[in-house]
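Structure first, commentary second.
When reading the values below, keep in mind they use all heavy atoms of this one structure, side chains included, and skip hydrogens, waters and symmetry mates. Chain letters run A, B, ... following the sequence lines, proteins first and then strands; every chain starts at 1.
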Amino acid sequence: MKKALGIFALLVFVYALASLLNPDFLSTYNIQNTLRRTALFGIISIGAAMVIIAGGIDLSLGSLVGLIGCLLPMGLHAIAAGPPGRALAWTLTGTGLGLWCVGAVWLHSIPFRESLRRGLQVLLVPGYVVYYAATRGRDCKRPAWLYLLGLVSVLAGWLLPGVPLPVWAETALAVFWMLEICAAIGLLHGVLITRVGLQPFVVTLCGLLLYRGLARWLTDDQTQGFGTGYEGLKSLATARPCSLACLTAAAGLCLAGWGLYRWLGRREDDADEVASVSPWCLTLVGLALSLTSVVSWLPGLPEAARNACTWTQRSMFWVGLLGSAAGVAALSLNALRHRSWNVLWGGAAAATGLLVLWRLAAWGHVGSADADLAWWRIASVGLALIAVMAGAVRFLTASWTSTAGWRSATFLTASAHALLLLGMIPLDRVQAPAPLLVMIAIALLVGFFLQQTVYGRYLLALGRNEEAARYSGINTAAMTVLAYVLCTLLAGVSAVLFSLDVNGIQPAGHGNFYELYAISAAVLGGCSLRGGEGSILGVVIGTAVMRVLYNAIIMLGIPDKLEFAIIGAVLLAGVAADELLRRSAEQRERRTQS
Amino acid sequence: MTTSDTNPLLEARRICKDFPGVRALHNVDLRVGRGEVLALLGENGAGKSTLMKVLAGILPPDSGELSLDGQPVRLDSVRTAVARGIALIHQELNLADNLDVGANIFLGREPHRLGILDRRTIDRQSGAVLRMVGLDVSPKTVVATLPIGKQQLVEIAKALSVNARLLIMDEPSSSLSAKETETLFGVVRELRSRGVSVIYISHRLGEVEALADRVVVLRDGENAGELRRGEIDHDRMVRLMVGRDIAQFYGRRARGAGPPVLESVDLETPAHAGYRLNFSVRAGELVGLAGLVGAGRTELLRVLFGVERALGGELRIAGRPVAFRSPADAIRAGIALVPEDRKQAGLIVDMTVRQNLSLAALRRHRRRFGLLNRRHERSLADAMIRRLNIKTPHAGQVVRFLSGGNQQKVVLGKWLSMQPRVLLLDEPTRGIDVGSKEEIYELMEQLAADGVAILFVSSEMEEILGMSDRVLVMHEGRLSGELGGAELSEESIMHLATGGARAARES
């Protein structure tokens, strides 16, 4: 939670800076665009985060996006061109073969005096499998079932009569194929890393090259496209089901509900959970969010003019502003009382930086395209920016102490900042893009998986210390494979959405560098490359930071050439700051221990 | 010899040294006379290495004074210490074994002319010191080709060549054969007659009895006592080290044991293929596994726990043959292992106490769809903290910041929650303070009384002797013998551990 706070402060900063320097940043069109891109990159970043948390890495994600982007239109055309029902047959055969192989490999790994001959027997002779499963008992049941299911699917695929399929089923099959391919690739990565013992870096690096090469070869370097039709599929990426205000209202209600649930089922000794926040806090924020979101729909309020602020926006802005001011004041007073110099330094740095920027802006030196770039102006702007950024991050993270009360206060302040940010855009006019809903669903599921299930705990343990996890009875090989498969599956989902997002898919360039963006977002969001650490909330915020930064670069007219440099610099600063903070926190902890 | 009382060579007064969370030394005094062999004893964690590092200039003391020849002195680097004549010979020798003997002796202070090595001076002077320690190898011999015993003598020669007046030797005989140890003793006695003082750190009380003029004992970072020439004997040394009578400390009451729970029939470990191990452990029995470093004890435990697959033979749990492919299988069969390196393989140091305690039991108590059972996790953690008296501010404390003893208790707690049939312990009390040690011994007793079969590896003779019903001794991969009851003694264990053959038993 603490790391998420830090990266959130960074997001606030970048967002505020961008909107100050170019008001177009807050236009409906731009916000929608940024949201869409954040959602698309968010999905793939969550996938990368899963693997990083498990202690590995996946460099092939970008090439995978490219490959899937090329294969999806090809698959759709192949399905449409062939006789009806053939697609279903192919699906069954393909899936069946996959299950057969998985079952066979699994069975083979259960030792029965390993030999190649027996391996071939298992693959070729189903009867042997049944006999073996019957005689060896419990262990072999699951792989034997997989094997038999695969066999049945292959047979069904061969024997199935041609069945006409509705259009939606055809597209569903095509998407299913893509996801299957991704899962198979993830399985391949996992098996190579766990059974053959190769390094994840090497395996996925080879994957990067392989999948790109495959994509280019299969498409003969021709740009792929969906043509006309497939409106249903395209709507997956381009639809705008509801307004952002709806989304925030729903989110607010869920948050309030969660707070209530925790409050009702509270346990006495929750106080020592360092990461927790008081339930009433959550409820309060949730209610504020949902109430301010629906203000525009209250009867009796005049309709806002085209370019004027909507009522929702106004109420959110003011609630956010007042809340932020109160929160910052409260935290500063608390810091003064307890003499937490960290907090005060952070606040002072941020305030000074803001002041400098404001003065410079007033003198017309910042943001004007024709300003001559005298060295002292650049230097002062740069220093002021760094001061504000570092100061804001410091202020929030240092207020996150071990006292539950002040953690709640920090959380409330951060939420007020969020409301303030949201209040700067016309929420009820901005339409939430469909991918955003997909990303939110995925983030909630994966976050839940990591925090609340046994397997998530296993992944975290495995990432931190594989040997100790193995010694505690965790099946580290299976968990590693699971992490890689989930990663590629999520990359596949994002690949499908990416391909629907662009007009033409270029085999040589589609998805280039996406793995770097994904890994950067994960690292910014608090996933340590050592493994075992990370939160999905942080990853999502990290993705948002990167996208907003990219957007800000474009909006501010900074030349394209500098894009990578700036993103790289921000990433480096973020990671370095995180490491330094971690070290100082550890030292503080040690001092309180002895 | 009473040279230490008047005109001591080195005197350390009220040395204190703290590390984060640990008080390594507290007001420790030490006096070394001229030409004296002083043995420094203490259990693991008593502060011996820290004190030696302070004397050798590796660590600065937080407070206290050192004086050499009566003059107060500050040893702020190894160079200063060496310049003043104090040399430390580490347990793991600090030689560059790709270089030759002469180069090692003059490492860091090679005589040269305009940057070109003066080979002749090196050879001449090395030859002289090598003769002094009685090592007749040419200075041009590459160190890697020498056996460990001779390498150690090279280190001593290196110390003498810088005119060391005080030699500190940290467990010098731990990797030596009996013959090489005799040579070493001869060298030490020779040094003593030359007026060089030696501080000798060792766990081998027999050697201390044979060699030392005086014995100083440390316990938990403080002075625990001193013994002079006439007073040095085994029991007194142990009593000072442990703080109470050995019989009381290790109060092992022999109990009737139940049926065999763990049986190994012709088991072959991959590390020492070719040797078949046959033994069994009964329910309620405490079996010690003794042997020198490298005898294959840890490797055996790893095969028993399923970390490595046995090359041959059979393992039976409660009469049923089993084949473990992974630790998960072993855990399902009711075996638990507390590994040697708790930070590496026993715990996840960056997770909390609660998370570590529940790690092995998560699967068993999970809710539908794989959800964590937090209520069970919480109650389990509280129960284990209470039962094992784990000192932690709260259950959400990150394990990294606990002391060694409490970390070991967390590892034990993790396994106790699984109610194992067989508990394997690899050096259970290494690096732990005496208080936690007692608690762990009590726990082992309790578990044995409850019917758990316990097999533990230990390098501390007192622990093996005091806690075991039976002792299995390993030597270079094979089981060289089994001792129980009256024949259990340090000599018999050492005899088997160093490869001596088992004398035919008179029944």
Side-chain angles (χ1 to χ4, degrees), chain A residues 109-114 136 138-139 265 267-276 402 448-479 482 528 530-533 582 585-594, chain B residues 18-23 305-307 309 323 325-332 336-337 339 341-352 354-356 358-363 365-367 369-375 377-378 382 393-398 400-403 411 414-415 418:
Chain A
S109 76
I110 299 168
F112 55 112
R113 305 289 180 258
E114 288 93 19
R136 289 293 166 138
R138 206 181 49 151
D139 273 341
R267 288 172 288 265
E268 301 73 20
D269 40 3
D270 237 332
D272 65 6
E273 288 284 359
V274 186
S276 75
S402 47
F448 184 77
F449 176 76
L450 272 180
Q451 293 299 324
Q452 302 292 341
T453 63
V454 171
Y455 307 107
R457 179 68 65 81
Y458 284 172
L459 272 179
L460 288 166
L462 164 66
R464 288 235 191 243
N465 187 341
E466 188 182 343
E467 194 178 345
R470 204 157 76 94
Y471 273 65
S472 301
I474 296 173
N475 189 347
T476 50
M479 295 306 308
L482 180 69
S528 165
R530 273 182 292 256
E533 227 182 296
R582 186 186 67 86
E586 210 174 271
Q587 274 175 0
R588 216 179 309 141
E589 185 72 48
R590 285 234 163 84
R591 245 178 281 132
T592 58
Q593 280 310 301
S594 54
Chain B
D18 284 343
F19 294 116
V22 164
R23 219 167 60 164
F305 191 56
V307 178
R309 281 197 214 163
R325 292 187 311 272
S326 69
D329 294 337
I331 293 170
R332 235 174 290 148
L337 170 66
D341 188 348
R342 55 180 163 268
K343 289 206 189 130
Q344 186 56 34
L347 294 170
I348 310 218
V349 285
D350 288 310
M351 284 185 145
T352 63
R354 188 180 295 142
Q355 286 170 339
N356 268 289
S358 61
L359 196 58
L362 280 179
R363 192 190 192 80
H365 298 273
R366 68 183 191 275
R367 286 171 31 207
F369 303 127
L371 285 184
L372 286 171
N373 191 342
R374 287 197 192 268
R375 192 167 302 159
E377 195 187 349
R378 218 173 275 269
D382 291 337
H394 50 85
Q397 172 72 300
V398 171
R400 186 194 282 272
F401 301 119
L402 294 180
S403 76
V411 180
K414 174 171 75 174
W415 293 122
M418 304 289 287

Review point. If you count heavy-atom pairs under 4.5 Å with chain B, which of A:A477, A:S472, A:G456 comes out on top?
Key: A:S472
[atom1]/[X] to [atom2]/[Y] distance, rounded to the nearest 0.5 angstrom?
X	Y	atom1	atom2	value
B:D350	A:R530	CG	CZ	8.5 Å
B:Q355	A:L460	CD	CG	8.0 Å
A:E467	B:D341	CD	CG	7.5 Å
B:M351	A:N465	CE	CG	10.0 Å
A:E466	B:I348	CD	CD1	10.5 Å
B:I331	A:I474	CD1	CD1	9.0 Å

**Study point:** Taking every non-hydrogen atom, the tightest pair across A:T453 and B:F369
**Key:**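 Closest approach of A:T453 to B:F369, heavy atoms only: CG2-O, 4.4 Å.
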Revision key, fill the gap. Between A:G473 and B:A328 the two heavy atoms that sit nearest each other are O-CB, 3.4 Å
Practice item. Indicate yes or no: at least one non-hydrogen side-chain atom of A:Y471 is less than 4.5 angstrom from one of B:Q344. Key: no
Check your understanding: Side-chain contact, heavy-atom cut-off 4.5 Å: B:L362 with A:Y455?
Key ->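 Contact flag for B:L362/A:Y455 side chains = no.
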Check your understanding: Checking B:R363 against chain A: side chain, backbone, both or neither under 4.5 Å from a heavy atom?
Key -> both
**Study point:** Atom group of B:L347 that falls short of 4.5 Å from chain A, counting heavy atoms
**Key:**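 Backbone only.
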Study note, to complete from the structure: Most heavy-atom pairs under 4.5 Å with chain A, out of B:P339, B:A345, B:G306, B:P327, belong to B:A345
Check your understanding: Charged N to carboxylate O below 4.0 Å: is that the case for B:E377 and A:R457?
Key -> yes
Practice item. Pick one of side chain, backbone, both or neither for A:F449, based on which atoms fall under 4.5 Å of a heavy atom in chain B. Key: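 Neither part.
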